[in-house]
Each structure stands twice: as C-alpha cells, then as structure tokens.
Amino acid sequence: MTMVTLIFKEILHRKVNFLLSVLAVITAAALFVVFFTTGEASDRETKRIMRDMGFNLRIIPEKTDMYTFWSTGYSEFTMDKEYVDRFAKLKGFSYTHLVATLQKKTRWQGMDVILTGMLPEVLPLDKRLQKPMTFSVKKGNVYLGFQLAQNLGIKKGDQIDVLGKSLKVKECLSQSGNNDDIRIYGHLEDIQDILNLPGQINEIKALECLCLIESSKVENDMLTVASRELAQVLPNAKVVLIKSIAEVRQKQRAMMQAYLGLIIPFVVVVCGAWIAVLTMINTRKRRQEVGLMRALGYNAGRIGLLFLGKSVVIGLLGAVAGFIAGTALALYFGPDIFKVTAKALKPEYILLKWSLIVAPVFAAVSSFIPVTIAIGRDPADTLREQ
Amino acid sequence: MIRLKNLRKNYQTAAGVVKALDSIDLEIKKGEFIVLRGPSGSGKTTLLMALAGMQRPTSGSIYISKENIYQMTIPARAKFRAENIGFVFQMFHLVPYLNVIENVALARGALSSALDKPGAKELLRSFGMEHRIFHKPAQLSAGEKQRTAIARALFNHPQIILADEPTGNLDPENALAVLGYLTDFQSAGGTVIIATHQPVAKEMADRIISLNAGRIRDES
C-alpha cells in the first residue's frame, strides 16, 4: 500500500466531498473549454458578421449626386425595377433581405411628405420562413407616418387622396423620431403611378449581404469587390456601404468580450473558493487522522502530499470530465449560436492538455491554505480532542 | 534511558497561566514499566505528549537514548518518533477508511514509501486478529480496535511504548488483555510508560508515579 492507495481509499470513503470538489473543477474547466472551443467559431462568425455588416448595401442610380443623396436621403434619379430581380439572381452574393423603394419628396395637403413606394421584401429561397425586416404594403393601401397622421387628423381606415389616387390608410405608424414620421408608404406600383415613374425605383437595400467572391479579402476591400461585381449586372447603379451598423455591432462585440472577461474570472474564483471550503471541511473531518499521522512520525510534507495529492486527483478527473462536458456543450449548442461558422466547431484536444495541466494546479492552489492550516495544528492538541 | 530535566509546560488561558507540568525531574531505565497516575488535569497526558516529542515543553529538556529530542529539527524528531516510540491512545485513533491490516501498516509509512502489509499480518496473528484483518474500524469491537492500535504502535519495533489511558474504553477482560500485550512488550526489552487508572496495572508496574497539578507527588 502506497500513499497513492491511501489517497484513493480516502476518496472512496468520503465520496460526496470528493464529488462536490470534482464538480467545482468540472464547472471551471467546462466553462473554459466551452469558451475556447467556441472561440474560433465565434471569431470567424464575428468576422463574417462584420463583413456581412459591411455589405449592408444601398444600391442607387449611378448618376446620383452624393451631396444631394445625403442631404435628401434618396436619389433624385431612378433605375429599372428589374435590377431587383437581377440582384436577387446574382451568383456569388447572398443576402437575407432585399428591399426596393421609390422615394420622392413632394407637397401634399400643404405639407412636405416623402412618398415611399415599396416592393414586398424579397427573401432568398433558403430563408423564406424568416420574418421580413420591414412591413409590406398591399396595393391600394398606405401606411402613414406619425407626424402626418397627427397633423392632419387622419385615422386608420380613412380613405385619402394622394395626388389624385385614392388610397386606404391601413396603419398610422407610431413615432419613429426621424423622417419616417413624414412618409407615406405605399405599394411600389401605386407610388410609381402617383409619381408617373412606371417600372422605376431609386434604391435597393440589400441587408446582411454576403459576398462569396474573393471571400479571403479583408472587409475594407469589400466595397471595391462589390462595386466591381455589381457593375457587370447592374451597369447603371452604384453601391453605398452602410458602415454605421457594423460599428455598432463591433461595439457590441467588444462589450460581450468585456462581459465574458468579467464573468470567467468570477466563475473561476467562485469555483476556487468552493474547493477551498470543501477542503476545509475535509481537513476538519480528518483532524484526528492528521494528528495520528504526526504521532506516527509522518512529517508535514508527507501529510500535505496526501491532501494535495487528492487535490491533484480532483483536478485531473475534473479536467477530463470538464473537457468532455465543455466540448459536448459547445458542439451541441454551438451550431445554434454560430450558424454560419458551425463547421469550425470541433473538439480542441489541445484544451484537454491544458486542462490536465491547469486544473490540478488550480485545485491544489485552492486547497493549499486549508491544508497548511490543518497540518500546522499541534498534533497533541488535535489528539486531545476526543 | 529516558531523562527529564526540570520539565515545565505552561498553557496560557483566559483565566491565566496553567502549569500543566511543573519542574518534572525523572529518569526511566530501559525496560521499565512505568504507571502514571493522578486525577484528571494532573499532567499525565501532557507528560506523555512531551515524551513523544509532540508537545514542546515551555522549559527543561527530555533526553531519550542521550538525544535531546527538542533540539532536533521537526522532521528529525518525527523520524525519531517513528523509529523509537509507539503511542497508544484511549480513543484508538484508527483511520476509518483503512482496514485493520492497513491501519497497522500505516505506521511503516512514516519510514518508507511502501507500507509493509505482510509484516502487519504476522503481527496481527499474534494478537489474535487474523480473522479481522480486512475489517474496517467501524466493524470492530472496542477491544479489537485497541488491539489493532497496539499492533500499530508495535509495528516499527519501537524502544518505548507510551499509552494514554489505553484501557479507558474497554471492559475488564479486554483491559487485562491490553495490559498483557504491554507486559509482553516490556518482557521483550521495551520500555512502557502508561497513564491508567486500572488497579491491576499496579501489579505490573516497576514504578508508579503519581502526578498532581503538574508535579510528581509520589513515586513508589
């Protein structure tokens, strides 16, 4: 019988304490493994999201004067509605939402309004079940901006005349806080009729658009790539990149990383304290045993080895179980979270190696103080406590 | 030979200083059977703990085989204790997760990395415990527990056995058996120092030392 046998016999004798300690290590190890296993997929996914965000595109007529575009919010020129179909069929690009609009500022009932004609949102074939990002307006109906409805006292269900065309108010929109409050949203064909621009649009919004061409290029190149590719099929159009959303996402990503940076050390400290408390309970139960071993002539180092050896066993077992649990969790839930880069999720066996090194050290360090206190007690005092 | 010179042990308590041992001078020859007597709190246990090298005295010295044990380093004293002293407790102090043979062999662990189970088996046979060697302490009677504890104390072939009320939890029959084992150890040349209230121990003793309030009151 060796010291190792003694360690295992004690473990078998006090199973609950041992299992609770292992559970603490499993929790800490699994958290690390989940974090790092999903890390690669998360990183790729974030890059992809960033790139996709960079490809939130506004496709507008080529002749558009950008100064006027930014000041009015739309192009004064138009392009053929057929561009929407061309874009939708374009190989090498994927998107989640495609919205074609025709917008023009005009006077109506003594007020400046923005007439906005919309085609029902085009969704890719594989995403037809997803919810559209914007509402769609049926022919003969309009959605009225908040300010217009309030100033003119128009209510849902009213029949209104818009520059000679009678339309039914399907909805009065809630306040948006931007120029949407002075918009009249109608079906594209109705607005085309009103503005006498049949078959014309002046913008296509392509959201979460993904360029599958030259995907290795960094996101800064994407505008160039997208412009070049689109120029071949949409010759009279140009592309504007919406960057603000990407920047918001980047901030959100930084916030999430900072949040995880706080949570993980917190969990590790809690698990460490958990092990320390369990070790304290264990050493308290074993005070007589420690005193006896001192009486038998065991030196403090060898007694400490019994406790720290147990911690190492806890750490090793927790590392293996934590790796398995963490990997299983990452592989089971990861694909739901990282839909695009799910294939990057795979067992990271290097984490097992690191877990096997770090977890026993973690368990031993957590146990060190209670073990030192237990061994430091006078054996005579311990043995008197009968 | 064991020699105690002007041994004092004080405890600081809330009520003040308690003199557990007060100016103890004592010589014990090799092979003697010493019985310590005295009321509770008279200093018997403190004296045994000090003799075992487990309780440093406030002042004075203890020589065992000409070695001043409290001038040794702590690891050296632990080794000295493992090689020379066996201790028997009233409460047995058996390790609950080890069986009888492992509890006995545990004594060897202080001296080597492997515990000598075959040797322990032989010893337990001489104590009539061969049928219990794979039993855990919880499965033993009080008498069997104390026999196991004595076997453990003897396992490293010590020169000295220190026993603190070893019969305190035993019925008269088992108490007599335990004292018999200690007498056998003495007969084989060992020194026994035992704190006990067993009247029969008087008959086995070479000397009876009575303690009171930490001082030797009587020696016969």
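Because only heavy atoms are used, hydrogens play no part in the values below, and waters and symmetry mates are left out as well, while side chains stay in. Just so we're on the same page: letters track the sequence lines, and every chain starts at 1. Source: prediction; values computed, not measured.
- Side-chain contact between N156(B) and L296(A) is absent, with no heavy-atom pair separated by less than 4.5 Å.
- G297(A) and A82(B) make their closest contact through CA-CB, 3.9 Å (heavy atoms, listed as atom of the first residue, atom of the second, distance).
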Output, in order, the C-alpha distance, side-chain angles, deciding distance and verdict of side chain to side chain contact (heavy atoms under 4.5 Å, CB included) for L6(A) and E102(B). CA-CA 9 Å; L6(A) 280 180; E102(B) 288 163 344; over 6 Å; no
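- In terms of heavy-atom proximity, F89(B) sits nearest to A295(A) at CZ-CB, 3.9 Å.
- Residues R81(B) and R294(A) approach most closely at NH2-O, 2.6 Å, considering heavy atoms.
- In the displayed structure, R125(B) atom CZ is contacted under 6.0 Å by more than 12 heavy atoms of other residues, nucleotides or ligands.
- More than 12 heavy atoms of other residues, nucleotides or ligands shown are found within 6.0 angstrom of CZ on F80(B).
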When you look at E10(A) and V95(B), which way does the side chain to side chain contact (heavy atoms under 4.5 Å, CB included) test go after all the steps? CA-CA 9 Å; E10(A) 197 278 332; V95(B) 178; over 6 Å; no
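- Contact detail for L292(A) and H93(B): the closest heavy-atom pair is CD2-O, 3.1 Å.
- For the pair M91(B) and Q288(A), the minimum side-chain heavy-atom distance is 4.5 Å or more.
- F92(B) does not touch chain A: none of its heavy atoms, backbone or side chain, sits under 4.5 Å away.
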Donor-acceptor pairs under 3.5 Å, side chain of residues 361-368 of chain A to any protein atom, not counting sequence neighbours: which ones?
unit_1, atom_1, unit_2, atom_2, d
S366(A), OG, F362(A), O, 2.8
S367(A), OG, T279(A), OG1, 3.2
S367(A), OG, S311(A), OG, 2.7
S367(A), OG, A363(A), O, 2.8

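- From E289(A), atom CD reaches atom CG of L98(B) across 7.5 Å, with rounding to the nearest 0.5 Å.
- Put simply, of E83(B), R56(B), M54(B), K79(B), the one with the most heavy-atom pairs under 4.5 Å next to chain A is M54(B).
- Partners of D22(B) according to the side-chain contact (heavy atoms from CB on, under 4.5 Å) rule, which considers only residues two or more places apart in sequence or in another chain, are R8(B), K19(B), R215(B).
- By the 6.0 Å contact criterion, CD1 on I357(A) is enclosed, its count of non-hydrogen atoms from other residues, nucleotides or ligands being greater than 12.
- W274(A) CH2: more than 12 foreign heavy atoms inside a 6.0 Å radius.
- Comparing P75(B), A78(B), G86(B), A153(B) by heavy-atom pairs within less than 4.5 Å of chain A, the highest count is held by A78(B).
- Residues satisfying the side-chain contact (heavy atoms from CB on, under 4.5 Å) criterion with H13(A), sequence neighbours excluded, are P96(B), Y97(B).
- Interface residues of residues 44-51 of chain B toward chain A, defined by a heavy-atom distance below 4.5 Å and sorted by number: T45(B), T46(B), M49(B).
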